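See structure below.
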Amino acid sequence: MKWGIIGTGNMGSMLTSALINSGAIHSNQLTIFNRTAEKAEKLAETFTDLRTASSLKEIQQKSDILFICVKPHHYSDILNELKDNFTEGQCIVSITSPISVEELEKATPCQVARIVPSITNHAFAGVSLFTFGSRISEQYKQTLKNTFSYFSEPVEVEEAHIRVASDIVSCGPAFISFLLRSWIQAAEDVAGINEDQATKLTENMMIGLGKLFAKKIFTLEELMAKVTVKGGVTGEGLQALEDHTGELFHEMFKATQRKHKEDKESIDL
């Protein structure tokens with residue numbers, strides 16, 4: 001099986017690294033392309049036998065499975081350039097939530113999937129979100145799932161829930177990082193702890209918390225119950241969170257839903 005990645009920005013580079021470093025595929029099975037050739041060439045230097053293409057048509061010809069890892073508004077340009085040479089035997093994979101599998105199927109004769117990865121896949125952890133088109137073969141489905149299982153947990157998600165699922169899985173690390181930065185700053189402001197020390201403590205707490213969940217030692221509810229002592233400090237802190245969190249997360253999800261709608265309305269494949 002020959003693989004191709006168009007776009008070597010943050011997600012394209014992450015996907016390249018995860019595919020090769022996890023052992024999911026060999027570097028000589030993968031070809032990458034970027035409009036700015038230097039970016040692709042620099043990434044290729046990291047992996048022995050990783051190939052670069054000099055044009056979109058070259059990577060199209062060399063790929064059975066072709067990932068498009070660019071911003072949503074660039075999809076139409078790529079598909080227009082390649083539309084005359086796609087085949088029914090090729091599989092196109094979108095990694096962005098606004099581009100649905102139905103839209104890609106209308107724009108190409110290819111078999112189609114959408115896979116939304118996460119930055120956590122760098123650590124061979126986290127989830128990858130899958131949506132399959134109507135004409136994709138079982139062989140391609142299993143190949144994609146098996147390959148991504150090397151560095152993530154593949155989860156199928158309906159089109160109606162792709163945005164909120166992406167918020168949790170793909171955007172979630174950025175959202176949680178923002179909250180933790182606020183947490184650290186507040187610890188320094190209120191209690192005077194050094195920022196570096198608070199950061200180290202927070203990072204290690206998060207690593208430990210992740211391991212508790214990974215080993216299925218506690219659920220979210222069980223963990224809160226185990227740490228909270230009646231009349232104790234944790235209970236006071238939880239009450240303050242309940243009193244002041246308000247509509248924070250509701251507003252966050254509303255904002256991403258609005259942006260998702262705007263993106264979909266602005267895209268014409």
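When a residue number appears, it is its place in the shown sequence, counting from 1. Model, not experiment: these values are computed from the prediction.
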By side chain to side chain contact (heavy atoms under 4.5 Å, CB included) - contacts of Ile267 (at least two apart) = Pro72, Pro98, Ile99, Leu269
task = I would like to know whether Phe151 and Leu15 meet side-chain contact (heavy atoms from CB on, under 4.5 Å); could you show each step before the answer?
result = CA-CA 10 Å; Phe151 54 86; Leu15 189 56; 4.2 Å; yes
query = How about Phe132 and Tyr140: are their ring centres within less than 6.0 Å of each other?
reply = no
request  = Evaluate whether atom NZ of Lys141 has more than 12 neighbouring non-hydrogen atoms of other residues, nucleotides or ligands under 6.0 angstrom away.
outcome  = yes
request  = Hey, could you give me each pair passing side-chain hydrogen bond (donor to acceptor under 3.5 Å, both in side chains) that has a residue in residues 67-84? Not counting sequence neighbours.
outcome  = Arg35-Glu81, Tyr75-Ser94
task = For Phe130 and Phe148, run ring-ring contact (aromatic ring centres under 6.0 Å, His included): C-alpha distance rounded to whole Å, both residues' side-chain angles, the deciding distance at 0.1 Å, then the answer.
result = CA-CA 10 Å; Phe130 279 65; Phe148 273 72; 5.6 Å; yes
query = Stepwise, does the side-chain hydrogen bond (donor to acceptor under 3.5 Å, both in side chains) test hold for Ser27 with Asp49?
reply = CA-CA 6 Å; Ser27 56; Asp49 296 328; 4.7 Å; no
ask   = Is there a donor-acceptor pair under 3.5 Å between the side chain of Glu195 and the backbone N or O of Glu188?
value = no
task = Using the rule that two of Ile, Leu, Val, Met, Phe, Trp, Tyr join whenever any of their side-chain heavy atoms come within less than 4.5 Å, decide whether Met205 and Leu179 are in one cluster.
result = yes
task = Might you confirm whether atom OH of Tyr150 has over 12 heavy atoms from other residues, nucleotides or ligands at distances under 6.0 Å?
result = no
ask   = Would you say the side-chain atoms of Asn121 pair up with the backbone N or O of Pro117, donor to acceptor, closer than 3.5 Å?
value = no
ask   = With no hydrogens and no angle check, is any side-chain donor or acceptor of Glu105 less than 3.5 Å from a backbone partner on Gln111?
value = no
ask   = For the side chain of Glu103 and the backbone of Ser100, is there at least one donor-acceptor N/O pair under 3.5 Å apart?
value = yes
inquiry  = I'd like to know if the side chain of Gln90 reaches the main chain of Gln60, judged simply by a donor and an acceptor atom lying under 3.5 Å from each other, with no hydrogens or angles considered.
reply    = yes
note = Only one of Ser118, Ser149, Ser152 passes side chain to side chain contact (heavy atoms under 4.5 Å, CB included) with Ser128, and that residue is Ser152
message = Between Arg135 (side chain only) and Cys110 (backbone N and O only), is there a donor and an acceptor less than 3.5 Å apart?
response = yes
Show which side-chain atoms of residues 50-57 pair as donor or acceptor with protein atoms under 3.5 Å away, not counting sequence neighbours.
unit_1 : atom_1 : unit_2 : atom_2 : d
Arg51  : NH2    : Asn28  : O      : 3.3
Ser54  : OG     : Glu58  : OE1    : 2.7
Ser55  : OG     : Glu58  : N      : 3.1

inquiry  = Donor-acceptor check, side chain of Asn194 to backbone of Gln197, threshold 3.5 angstrom: yes or no?
reply    = yes
ask   = Are any of the side-chain heavy atoms of Val93 and Ile5 separated by less than 4.5 Å?
value = no
request  = Establish whether Phe218 and Met224 are linked, either directly or via other cluster members, by ILVMFWY side-chain heavy-atom contacts under 4.5 Å.
outcome  = no
key: Glu153 atom CD: more than 12 heavy-atom contacts under 6.0 Å   = no
key: Heavy atoms of other groups near Phe124 CZ, more than 12 under 6.0 Å   = yes
request  = Show your reasoning for whether side-chain contact (heavy atoms from CB on, under 4.5 Å) applies to Thr31 and Trp3.
outcome  = CA-CA 6 Å; Thr31 303; Trp3 303 70; over 6 Å; no
Enclosure of Asn10 CG (heavy-atom neighbours >12, cutoff 6.0 Å) = no
key: Heavy-atom neighbours of Gln139 CD exceed 12 at 6.0 Å   = no
request  = Run through Asn34, Thr16, Thr36 and flag the one making a side chain to side chain donor-acceptor pair (under 3.5 Å) with Thr8.
outcome  = Asn34
ask   = Run the side-chain contact (heavy atoms from CB on, under 4.5 Å) check on Ile136 and Leu144 step by step: do they pass?
value = CA-CA 11 Å; Ile136 189 170; Leu144 289 169; 4.3 Å; yes
key: Donor-acceptor contact below 3.5 Å, side chain Asp64 vs main chain Lys2   = yes
Ile115 with Ile20, same ILVMFWY side-chain cluster at under 4.5 Å = yes
query = Among Arg163, Glu159, Arg114, which residue meets the side chain to side chain donor-acceptor pair (under 3.5 Å) test with Ser97?
reply = Arg163
query = For atom CD of Glu88, is the number of surrounding heavy atoms from other residues, nucleotides or ligands below 6.0 Å larger than 12?
reply = no
task = For salt bridge (charged side-chain N to carboxylate O under 4.0 Å, His left out), just list the numbers for Asp196 and Lys200, CA-CA rounded to whole Å, side-chain angles, deciding distance to a tenth of an Å, and then say yes or no.
result = CA-CA 6 Å; Asp196 290 342; Lys200 183 177 180 180; over 6 Å; no
request  = Take Met252 and Cys171 through the side-chain contact (heavy atoms from CB on, under 4.5 Å) test and state the conclusion after the steps.
outcome  = CA-CA 11 Å; Met252 183 199 76; Cys171 301; over 6 Å; no
ask   = Looking only at heavy atoms, what is the nearest atom pair of Ala198 and Ile184, with distance?
value = CB-CG2, 3.9 Å
message = Let's go through Lys254 and Glu247 carefully: what are the C-alpha distance in whole Å and the side-chain angles of both, what is the deciding distance for salt bridge (charged side-chain N to carboxylate O under 4.0 Å, His left out) to 0.1 Å, and is it a yes or a no?
response = CA-CA 10 Å; Lys254 287 178 183 177; Glu247 296 294 308; 5.1 Å; no
query = For Leu43, does its backbone N or O pair with a side-chain atom of Thr46 as donor and acceptor, under 3.5 Å?
reply = yes
